[in-house]
Number of protein chains: 2
Amino acid sequence: MSVTIKDIAKLAGVSHTTVSRALNNSPLIQEETKERIRVIAEQLDYTPNYSAKSLVLDRSYNLGLFFTTLSKGTSAGFFYEAIRGVNSVIQDRYQLIVKGIDDYTSFHSITRKSFDGIIIVSQSDDDQAIIDHIAAKGIPLVVLNRPVTTSGVLNVLSDEEQGAFLAASYLIEQGHTRIALIEGRQGFKSAQNRKDGFERAMEHHRIQVPEAYRMPGLYDLESGHQAMQQFLTLKERPTAVFCCNDEMALGAMKAVSEAGLQVPQDMSVVGFDDTVFAAYVTPALTTVRRPIEQISKEGAVRLLGNIENKQHETEQLLLKTELIVRESVRSLSL
Amino acid sequence: MSVTIKDIAKLAGVSHTTVSRALNNSPLIQEETKERIRVIAEQLDYTPNYSAKSLVLDRSYNLGLFFTTLSKGTSAGFFYEAIRGVNSVIQDRYQLIVKGIDDYTSFHSITRKSFDGIIIVSQSDDDQAIIDHIAAKGIPLVVLNRPVTTSGVLNVLSDEEQGAFLAASYLIEQGHTRIALIEGRQGFKSAQNRKDGFERAMEHHRIQVPEAYRMPGLYDLESGHQAMQQFLTLKERPTAVFCCNDEMALGAMKAVSEAGLQVPQDMSVVGFDDTVFAAYVTPALTTVRRPIEQISKEGAVRLLGNIENKQHETEQLLLKTELIVRESVRSLSL
DNA sequence: AAGACTATTGTTAACGTGTGCATAGATGTG
DNA sequence: CACATCTATGCACACGTTAACAATAGTCTT
């Protein structure tokens with residue numbers, strides 16, 4: 001049996017209502033009464049029953065943090081940074097409930113009663129279904145990492161198209177003209193954005209990219225590895241490869257060294273994400289940094305604001321990406 | 001306003017009691033009545049209010065997944081695999097609440113009412129305080145990744161001492177005698193276990209490790225990098241370095257190549273954990289694999305069993321580690 | 001000093017669900 | 001046919017908390 005406000009009330013010789021008010025620091029209660037009740041609560045090691053609170057206050061104290069998938073395709077570093085960012089903001093005001101969207105067989109159980117607010121770290125257009133569901137239920141929602149136009153939904157993301165443009169342009173500025181592309185996972189919005197930025201840079205500088213210089217990828221080490229192996233068999237090899245994330249870049253670099261070649265002397269490589277190990281591989285990887293932790297922090301802050309003020313500040317926040325030049329690209333212009 | 005069992009009752013012309021029983025598939029209710037009620041519930045898009053259920057059933061439907069820290073020292077891959085493992089087991093029966101133990105200012109709010117069970121992924125002896133608290137409250141608990149003897153607490157971990165022994169012995173078998181150690185983060189149990197395994201191998205083969213061959217580390221890239229830089233300044237350098245995790249090994253390898261030397265020709269390196277990138281760095285890293293995802297799955301399965309059967313199967317499950325030989329160690333015995 | 005007002009506390013109902021007990025009807029039994 | 005038994009349902013209360021309203025005592029005003 002756990003201790004309730006009624007137990008406290010009995011000991012303090014007051015009604016349980018007074019105890020409730022005292023513990024919630026209501027101005028209605030005399031200061032000395034409050035103090036007396038607080039002391040007793042402390043002694044009894046009282047903890048409020050949050051189920052009861054939730055029932056009457058119509059708040060769950062739960063915040064959902066949903067990823068497109070937990071089981072496939074989400075990179076560990078991304079996942080980690082996102083949770084860290086959100087966690088650092090919510091502190092102990094809410095419980096953080098982590099879920100993979102693809103684990104839901106039905107969105108039925110997602111209601112106003114079970115979540116005070118939801119953060120979706122979205123990697124795929126397929127997430128639109130759950131976004132619509134949540135918006136329809138009127139649950140405060142912020143979508144991170146992917147642009148979204150649903151009305152009433154907050155949106156925080158980085159400008160990945162611009163980042164890819166930067167990286168691809170950098171390759172061109174270093175004198176490369178035979179440039180290949182390893183694409184991201186099919187269906188992930190980021191894959192499309194990064195490819196778009198790449199294409200724009202190519203068109204802008206009037207560089208042709210033959211079909212053989214394009215390979216699909218899955219955002220993992222192995223697919224980057226395979227794609228680069230493919231490029232290395234070509235008669236006229238590319239001199240540089242733009243990889244849509246760092247993990248594929250690492251896999252690609254592995255393939256280069258296995259073939260007895262060197263990065264960047266024989267092949268230049270750029271990645272995307274600036275994961276923690278990018279600076280530590282040899283050669284250090286030139287890549288694009290996007291502020292995931294900042295995105296998730298901003299998202300959480302905005303969500304909390306939205307929950308508490310009820311005001312729908314429906315704006316999209318676009319954070320800039322940054323090219324991090326290291327050692328994996330050779331300059332051909334000298 | 002959301003729909004409740006009373007709304008359904010009104011439409012079905014029965015009492016809310018009957019609706020409650022019908023939806024919980026009680027044998028007391030006639031089959032056709034059940035069906036009629038189910039249809040109406042479906043039409044109204046009824047979802048039970050879990051706060052109310054929790055209040056009366058005294059179950060929270062929450063499972064806590066606590067890490068020693070979210071903000072410092074936990075590696076992304078470790079974190080990711082642990083969450084995946086647990087998530088794959090619980091499916092939709094419970095909500096998974098992720099927290100960092102160091103975010104708690106007080107354990108006061110951790111009660112039977114707020115968690116049906118808790119999984120602690122423990123990396124430090126300091127976690128004993130929260131373990132004691134949870135055990136005292138009588139909440140079903142499983143501790144992963146670190147040995148624990150508290151009575152009534154389930155425990156699943158890998159035998160890291162043995163893994164480190166394997167790896168260190170392997171270095172010796174390859175003919176190395178000047179072997180250095182980069183230790184794990186101070187206070188983390190794994191750091192102690194791995195060091196112990198290393199020491200045991202050295203003693204077993206009667207190999208002396210001078211003080212200059214031991215450096216503290218923080219489990220991150222940078223500390224591995226610094227430690228190796230230190231070793232490289234020594235007059236009589238080690239020929240091999242045992243790093244207490246892969247990230248430090250990667251940092252160490254970086255330092256070697258920065259010094260114009262090569263792994264494994266000039267310096268052999270072994271890591272620990274077999275993180276995803278271990279196979280893809282150049283040279284591929286020889287390391288020790290421990291089954292984190294399996295540990296977290298086993299842990300979750302046992303916890304659920306414990307919650308539902310109430311039987312305390314207080315056993316410790318020790319999973320074996322495995323040496324993964326790749327290319328980062330040179331054989332001196334030829 | 002009577003009425004109005006204020007400060008503090010208590011009474012009671014409500015949130016949505018589950019369950020022990022009562023009840024009514026149906027069925028069986030000798 | 002009287003009684004026991006069984007089946008299906010309803011009634012009333014409980015879980016722990018908050019909040020609208022009521023009540024009491026004290027203070028102020030004129």
Side-chain angles (χ1 to χ4, degrees), chain A residues 1-38 40-41 44-62 95 108-116 137, chain B residues 1-38 40-41 44-62 95 108-116 137:
Chain A
M1 283 317 331
S2 38
V3 23
T4 73
I5 52 172
K6 292 188 184 174
D7 301 325
I8 299 176
K10 215 164 285 175
L11 262 78
V14 297
S15 75
H16 72 277
T17 305
T18 301
V19 175
S20 171
R21 292 201 178 107
L23 296 177
N24 288 315
N25 199 23
S26 154
L28 291 178
I29 304 295
Q30 214 174 355
E31 197 53 52
E32 59 176 317
T33 312
K34 282 187 192 174
E35 195 47 35
R36 190 158 48 92
I37 290 174
R38 283 197 199 108
I40 296 176
L44 296 186
D45 191 30
Y46 166 77
T47 319
N49 182 320
Y50 274 86
S51 300
K53 270 179 110 100
S54 295
L55 184 57
V56 59
L57 292 181
D58 205 29
R59 298 186 44 206
S60 65
Y61 299 95
N62 288 337
Q95 311 245 49
H108 190 244
S109 62
I110 305 174
T111 69
R112 275 277 262 309
K113 307 283 180 185
S114 48
F115 293 99
D116 288 347
K137 291 270 184 178
Chain B
M1 282 320 332
S2 40
V3 21
T4 74
I5 52 173
K6 292 190 184 175
D7 300 323
I8 300 176
K10 215 165 284 176
L11 263 76
V14 297
S15 76
H16 77 275
T17 305
T18 302
V19 175
S20 170
R21 293 200 175 108
L23 295 177
N24 287 315
N25 200 23
S26 154
L28 291 177
I29 305 295
Q30 216 175 353
E31 195 52 52
E32 59 177 317
T33 312
K34 281 186 191 171
E35 194 49 35
R36 191 159 48 92
I37 290 175
R38 284 196 199 107
I40 296 176
L44 295 186
D45 191 31
Y46 167 77
T47 318
N49 181 321
Y50 276 86
S51 299
K53 272 180 109 99
S54 295
L55 183 57
V56 60
L57 293 181
D58 206 28
R59 298 187 44 207
S60 65
Y61 301 94
N62 287 338
Q95 311 244 51
H108 191 244
S109 63
I110 305 174
T111 69
R112 275 277 260 313
K113 308 282 181 186
S114 48
F115 294 100
D116 288 346
K137 291 267 185 181

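Letters go in sequence order (proteins before strands), and every chain restarts at 1. Below, each value reflects all heavy atoms present in this structure, side chains not excepted, and no hydrogens, waters or symmetry copies.
There is a side-chain donor-acceptor pair under 3.5 Å between A/S15 and A/T18.
If you run side chain to side chain contact (heavy atoms under 4.5 Å, CB included) between A/R21 and each of A/N25, A/T17, A/N24, only A/T17 comes through.
Within the 4.0 angstrom heavy-atom criterion, no nucleotide atom of any strand lies near B/D58. Using a 4.0 Å heavy-atom cutoff across all strands shown, B/Y50 reaches no nucleic acid atom at all. If you check every strand for non-hydrogen atoms under 4.0 Å, A/T4 touches sugar and phosphate atoms only. The residue A/S54 sits apart from the nucleic acid: no heavy atom pair falls under 4.0 Å. Among the protein residues, A/V56 comes within range of the nucleic acid bases, having at least one heavy atom under 4.0 Å from a base atom. Nucleic acid contact for A/S51: none, since no nucleic acid atom lies under 4.0 Å from a heavy atom of the residue.
Between the side chain of B/R21 and the base of C/dG20, at least one donor-acceptor pair of N or O atoms lies under 3.5 Å. Judged by distance alone with a 3.5 Å cut-off, a donor-acceptor contact links the side chain of A/H16 to the base of D/dT18. Donor-acceptor pairing under 3.5 Å, judged by distance alone, is present between the side chain of B/T17 and the base of C/dT19.
Residue A/I8 contributes atom CD1, which lies 11 Å from atom P of D/dT18 at whole-angstrom precision. The separation between A/N24 atom CG and D/dT17 atom C1' is 9 Å, rounded to whole Å. Rounded to an integer number of Å, the gap from NZ of B/K10 to C1' of D/dG10 is 16 Å. Distance, B/N49 CG to D/dT17 C1': 14 Å, rounded to whole Å. At whole-Å resolution of the value, OH in B/Y61 and P in C/dG16 are 17 Å apart. Protein atom NZ of A/K53 is 9 Å distant from nucleotide atom P of D/dA19, rounded to whole Å. Taking atom CG on B/N25 and atom P on D/dA8, their separation rounds to 13 Å, with Å as the unit. The nearest whole Å value for the distance from the CG atom in A/L23 to the P atom in D/dT18 is 8 Å.
Contact annotation: B/T18 reaches the phosphate of D/dG10 (side-chain N/O to OP1 or OP2, under 4.0 Å). Remark: A/Q30 is in phosphate contact with C/dT9, judged by side-chain N or O atoms under 4.0 Å from OP1 or OP2. Here A/S20 does not reach the OP1 or OP2 of D/dG16: none of its side-chain N or O atoms lies under 4.0 Å away.
Between the A/T47 side chain and the B/S109 main chain, no donor and acceptor come within less than 3.5 Å of each other. Put simply, the side chain of B/H108 gets close to the backbone of A/Y46: a donor and an acceptor are under 3.5 Å apart. Under a 3.5 Å cut-off, the side chain of A/S54 and the backbone N or O of A/Y50 do form a donor-acceptor pair. Of the possible donor and acceptor atoms, one in the side chain of B/K34 sits under 3.5 Å from a partner among the backbone N and O of B/S26.
Both A/L55 and B/L28 lie close to DNA chain C; mapped to their nearest nucleotides by heavy-atom distance, the more 5′-ward contact belongs to A/L55. Residue whose closest nucleotide on DNA chain D sits further toward the 5' end, between B/E31 and A/L57: B/E31.
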